[in-house]
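Keep in mind it's a predicted model, so treat the numbers as computed, not measured.
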Amino acid sequence: LCLYQRYPYLAIMVLGVAAFFLRQPKLMRALAVLGVLLFLVDGGIAFYHAGVEAGWFPGLSGCSNKAGQGQTLEEMRRAIMEAPLVTCDQAMIHVLGLSMAAWNAIGAWTLAIASGFLLIKINKRGG
């Protein structure tokens, strides 16, 4: 899930570079709208990840620690060897009581709102 949160940011950077070089107002507005949508998507992924860490949502099967009781020693050894190095259902760090995924959700949604307002302001000016 940590990696999935990075993909929208990569796409936003590509859109920003494309907008910088293309310099066509209609295309730049379309790219800006896509950027806002990508910030919203990233915030959703981050919120889901924070919810997995908090136990609100089930995690993806490949990144959650779901060791069962009653396993044989060999089954536990195999589960340990096949487990990802970092699980998605445990926050690595909390800052002011929130995990990094939660902070990413707040940041992405804040950027979506700010970008949306800026886009509206530019459209009203006709620029």
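- Remark: Y9 pairs with D42, N104 by the side chain to side chain donor-acceptor pair (under 3.5 Å) rule, at least two apart or across chains.
- In terms of the side-chain contact (heavy atoms from CB on, under 4.5 Å) criterion, residue partners of L27 (sequence neighbours excluded) are, by chain and number, L22, Q24, L31.
- In this structure S115 satisfies the side chain to side chain donor-acceptor pair (under 3.5 Å) test with no other residue, sequence neighbours excluded.
- In terms of hydrophobic clustering, with Ile, Leu, Val, Met, Phe, Trp and Tyr side chains grouped at heavy-atom distances under 4.5 Å, W109 and L34 are assigned to different clusters.
- With contacts defined as side-chain heavy-atom distances shorter than 4.5 Å, the pair W56/F47 qualifies.
- A101 is linked by a side-chain contact (heavy atoms from CB on, under 4.5 Å) to Q5, H49, A50, E53, S99, counting only residues two or more places apart in sequence or in another chain.
- Residues satisfying the side chain to side chain donor-acceptor pair (under 3.5 Å) criterion with E74, sequence neighbours excluded, are R77.
- Residues V41 and Y48 are members of one and the same hydrophobic cluster, defined by side-chain heavy-atom contacts under 4.5 angstrom among Ile, Leu, Val, Met, Phe, Trp and Tyr.
- If you chain together ILVMFWY residues whose side-chain heavy atoms come under 4.5 Å of each other, V17 ends up grouped with F20, F21.
- Counting non-hydrogen atoms of neighbouring residues, nucleotides and ligands closer than 6.0 angstrom, the CE atom of M28 exceeds 12 such neighbours.
- Residues L111 and V36 form no side-chain contact, since every pair of their non-hydrogen atoms from C-beta on lies 4.5 Å or further apart.
- The CG atom of L37 sits 10.0 Å away from the CG atom of L15 when rounded to the nearest 0.5 Å.
- Using a 4.5 Å heavy-atom cutoff, the side chains of I45 and Y7 are not in contact.
- Between atom CZ of residue F39 and atom OG1 of residue T110 there is a gap of 10.5 Å, rounded to the nearest 0.5 Å.
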